[in-house]
Amino acid sequence: MILLKSTAEIDAMDQANRLVHRALVHVRDSAAPGVTTWDLDQKAEALIRSEGGMPAFKGYRGFPGTLCISINDVIVHGIPSRSVRLRDGDLVSVDCGVVMDGFYGDAAISFGVGRVSEEACRLMETTQQCLEDAVSEVRPSNRLGDVGAAVQRRAESAGYGVVRDFVGHGIGRSLHEDPQVPNYGVAGRGQVMKPGLVIAIEPMITAGSWRVKIDDDGWTARTEDGRIAAHFEFSVAVTENGARVLGVEE
Ligand code: MG
Ligand code: MG
């Protein structure tokens with residue numbers, strides 16, 4: 001069941017997403033060789049709580065962190081750890097969720113630590129472009145297939161893989177709502193987007209195969225072939241005028 005949101009509800013979700021993006025920027029600015037992923041998680045949690053939000057991921061199906069921090073071949077759902085230190089050249093993907101005033105925000109960014117390879121830069125740039133292409137398809141009467149096809153077209157024409165095992169999602173008073181928002185699909189197919197629909201669009205793009213394996217911790221999702229992956233995510237509202245990317249200054 002798809003729950004459409006009023007403008008007031010979308011404004012509340014914008015506030016939650018503002019806090020998500022502030023946390024992400026804070027984490028990116030704090031990242032450096034030698035810093036542990038635990039340190040980054042603590043900084044994000046402190047910022048979120050000091051601004052009146054709550055970490056949305058912490059305790060979600062038992063996830064222990066405020067952030068998912070996924071390094072190099074880890075695609076998503078990396079668990080912050082005192083024993084994982086960032087290293088020069090790492091490609092880091094950070095996913096953050098916040099709940100504030102009853103509404104969820106959810107966004108992710110990837111960035112490099114120190115000097116990163118040209119391959120990693122190109123993958124991150126293309127993944128960000130995938131997200132922008134997807135957002136440009138968000139408007140009333142377009143379909144979710146248009147969103148997925150836009151991601152897939154950009155990624156595959158660059159020679160990259162599109163992860164199938166995880167998808168974007170509706171978001172609102174719950175972190176994950178209907179509909180599912182795949183990063184692949186056929187333009188002109190799938191659910192029609194209506195004003196008031198809010199979706200988290202989150203391309204997960206791999207340098208090689210899109211196939212995934214999960215570590216024994218039950219969370220950490222890696223590329224099966226060990227090649228790098230990147231992840232960007234926005235929460236996006238469908239309005240009469242097109243896409244409204246939540247939490248981002250216009
Ligand atoms: Mg997320
Ligand atoms: Mg999400």
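Just so you know, ligand 1 is whichever comes first in the structure, and atom 1 is the first atom listed for that ligand. As the structure is a prediction and not an experimental result, all values here were calculated from the model.
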Taking all heavy atoms of Trp219 and all of Arg61, pick out the closest pair and write down the distance.
-> CZ2-O, 3.4 Å
His169 N/O/S atom closer than 2.8 Å to the Mg ion (ligand 2) = yes
Quick one: are His169 and Asp106 in side-chain contact, heavy atoms under 4.5 Å?
-> yes
Beyond-backbone contact of Ile205 with Val151, side-chain heavy atoms, under 4.5 angstrom | yes
Would a 4.5 Å heavy-atom cut-off, applied to side chains only, mark Glu132 and Arg154 as touching?
-> no
Asp225 bridged to Arg211 by N-O distance under 4.0 Å = no
Shell of protein N/O/S atoms around the Mg ion (ligand 1), taken as anything under 2.8 Å | Asp95 OD1, Asp95 OD2, Asp106 OD1, Glu233 OE1
For atom CG of Asp101, is the number of surrounding heavy atoms from other residues, nucleotides or ligands below 6.0 Å larger than 12?
-> no
